[in-house]
Amino acid sequence: MSEGVQIPSAFTPRVFSGIQPSGGLTLGNYLGAIKRFVDMQAEEFETIYCMVDLHAITTWQDPADLRHNTRELCAGFIASGIDPEQSILFNQSQVPEHAQLGWVFNCVARMGWMKRMTQFKDKAGKNAENASLGLFGYPALMAADILVYHATHVPVGEDQKQHLELTRDIATKFNHDFGVDFFPITEPVIEGAATRVMSLRDGSKKMSKSDPSDASRINMTDTADDIAKKIRKAKTDPEPLPSDLDGLAERPEARNLVNIYAALSDQTAEAAMAEVSGKQFGAFKPMLAELAVEKLSPISTEMARLMDDQAEIDRILARGAERAREITAPILAKTYDIVGMVQS
Ligand code: TYM
């Protein structure tokens with residue numbers, strides 16, 4: 001059990017998390033999410049991981065790219081250590097109960113709550129009038145993803161914190177409105193040294209698959225040469241690394257590289273700092289590049305191998321969806337019953 005994780009009493013411990021197939025996987029997704037998913041699979045939880053294609057289409061996706069990215073994301077999960085027998089691994093659109101519960105939650109969530117979502121503001125940008133209605137409603141569907149499994153724990157990166165608070169608000173309001181104790185109040189699990197991996201070009205921006213600059217991120221499909229080159233060129237400052245983490249407070253780019261080093265080497269940021277303190281970037285960057293290549297290259301090689309057999313990936317997704325529906329169908333049926341929908 002992860003440190004500090006509390007289990008809401010009446011519910012079986014169950015982990016759910018999702019990733020959008022809206023582009024390639026980045027090192028941010030890997031360290032902030034997938035690596036944590038693998039750790040939780042090894043603990044005593046039931047683990048359910050989803051490629052959230054319904055969320056992806058809240059912004060424009062080319063259909064061929066969406067298909068490719070969904071399969072590649074599935075390959076990325078497996079290559080990183082998710083076992084599709086032990087965990088349930090599937091894409092969201094094959095489990096219709098997500099969208100069905102999402103509709104009920106559209107009627108529970110309040111406009112005022114949704115308007116406060118910073119991710120909507122970031123993604124809609126200056127032209128919010130032209131954003132899709134789906135993008136605005138995105139967090140209600142995300143709450144449905146989680147609660148349609150009665151999931152108790154959700155491992156995510158820092159940027160999803162507000163969405164998980166909204167999930168708790170929706171569960172609380174539903175339970176209160178209908179006088180039931182039906183949906184659990186989910187615990188976010190935001191842990192590890194790299195809950196917010198930053199751009200390699202700008203330490204104030206999150207590493208993101210949608211950043212126009214490819215040099216800003218490490219993609220999980222990058223070659224060893226690309227990885228080494230991007231780390232070598234990563235923005236830094238002229239000072240050597242300080243003796244402790246406090247010395248990195250005003251040095252976001254340096255702090256980011258130390259965090260990445262810590263997460264890749266399975267250490268706390270404090271332990272990693274002790275190992276690298278006093279080093280110049282000329283010495284630290286090659287160490288980091290070597291570690292990143294050692295950890296990431298086997299994953300990209302395995303992803304490529306898995307992508308050679310797409311029929312097998314599709315079989316895994318279909319089987320995952322079938323197993324998921326064994327959980328979601330009764331929870332949706334009970335929700336409809338609580339709400340008062342006549343079901344014959
Ligand atoms: P998405 O697809 O943007 O990202 C997937 C996961 O990767 C984490 N992440 C990061 N972590 C650290 N540093 C970064 N730079 C970084 N970039 C991304 C995200 O925090 C996330 O955990 N809304 C979600 C998908 C979703 C979901 C869900 C998650 C839909 N339904 C239900 C959990 C439960 C999203 O857009 O993730």
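Just so you know, ligand 1 is whichever comes first in the structure, and atom 1 is the first atom listed for that ligand.
Short contacts between ligand 1 and G32, defined as distances under 4.0 Å to a heavy atom of the residue, involve ligand atoms 11 (N), 12 (C). Close contacts between ligand 1 and A33 involve ligand atoms 6 (C), 7 (O), 22 (O) [criterion: under 4.0 Å to a heavy atom]. Within the listing of ligand 1, atoms 32 (C), 34 (C) sit less than 4.0 angstrom from a heavy atom of F16. Residue H55 has at least one heavy-atom neighbour below 4.0 Å for each of these atoms of ligand 1: 30 (C), 31 (N). Per-residue contacts place I19 under 4.0 angstrom from the following atoms of ligand 1 (heavy atoms of the residue considered): 2 (O), 5 (C). Using a 4.0 Å cut-off to heavy atoms of K206, the atoms of ligand 1 that qualify are 15 (N). For ligand 1, the atoms closer than 4.0 angstrom to any heavy atom of R196 are 12 (C), 13 (N). Near K209, the atoms of ligand 1 lying under 4.0 angstrom from a non-hydrogen atom of the residue are 2 (O).
Ranking the protein heavy atoms by distance from atom 12 (C) of ligand 1 puts T195 O, 3.2 Å first. Considering only non-hydrogen protein atoms, atom 10 (C) of ligand 1 sits nearest to G28 O, 3.4 Å. For atom 15 (N) of ligand 1, the closest non-hydrogen atom of the protein is V197 O, 2.8 Å. Nearest protein neighbour of atom 23 (N) of ligand 1, counting heavy atoms only, is Y138 OH, 2.6 Å. Here the protein heavy atom with the shortest distance to atom 25 (C) of ligand 1 is G18 O, 3.5 Å. Counting protein heavy atoms only, atom 9 (N) of ligand 1 is closest to N29 ND2, 3.8 Å. Annotation: atom 3 (O) of ligand 1 to nearest protein heavy atom, Q20 NE2, 4.1 Å. Looking at atom 28 (C) of ligand 1, its nearest protein heavy atom turns out to be M142 CG, 3.4 Å.
Taking only nitrogen or oxygen atoms, main chain and side chain alike, G157 reaches within less than 3.5 Å of ligand 1. Considering backbone and side-chain atoms together, D145 places an N or O closer than 3.5 Å to an N or O of ligand 1. Of the N or O atoms in I146, none lie within a sub-3.5 Å distance of an N or O in ligand 1. Remark: ligand 1 and S17 share no N or O pair separated by less than 3.5 Å (distance only, no angle test). For the pair E158 and ligand 1, the shortest N or O to N or O distance does not fall below 3.5 Å. For a threshold of 3.5 Å applied to N or O pairs, the pair formed by Q160 and ligand 1 contains at least one separation below that value. For ligand 1, one of its N or O atoms has an N or O atom of D159 under 3.5 Å away.
Defined by atom type and a distance below 3.5 Å, a donor-acceptor pair is present between the side-chain atoms of S87 and T47. Of the N and O atoms on the side chains of S204 and D202, at least one donor lies less than 3.5 Å from an acceptor on the other residue. With hydrogens and angles left out, the side-chain atoms of D145 and Q92 include a donor and acceptor closer than 3.5 Å. A donor-acceptor pair shorter than 3.5 Å cannot be found between the side chains of D53 and N69. In this model, no donor atom of one side chain and acceptor atom of the other lie less than 3.5 Å apart for N91 and T70. Side-chain contact, D211 with S208: no donor N or O sits under 3.5 Å from an acceptor N or O.
Residue contacts with ligand 1, taken as heavy atom pairs separated by less than 4.0 Å, involve V154 solely via side-chain atoms from C-beta onward. Under 4.0 Å from ligand 1, not a single heavy atom of K205 appears.
Between A75 and I313 the shortest heavy-atom distance is CB-CD1, 4.1 Å. Of all heavy-atom pairs spanning M207 and L27, the tightest one is SD-CB, 3.9 Å. For the residue pair S243 and S277, the shortest heavy atom distance occurs at CA-CB, 3.7 Å.
Look at Q92 and you'll find every heavy atom at least 4.0 Å from all atoms of ligand 1. For the pair A194 and ligand 1, a heavy-atom separation below 4.0 Å is found.
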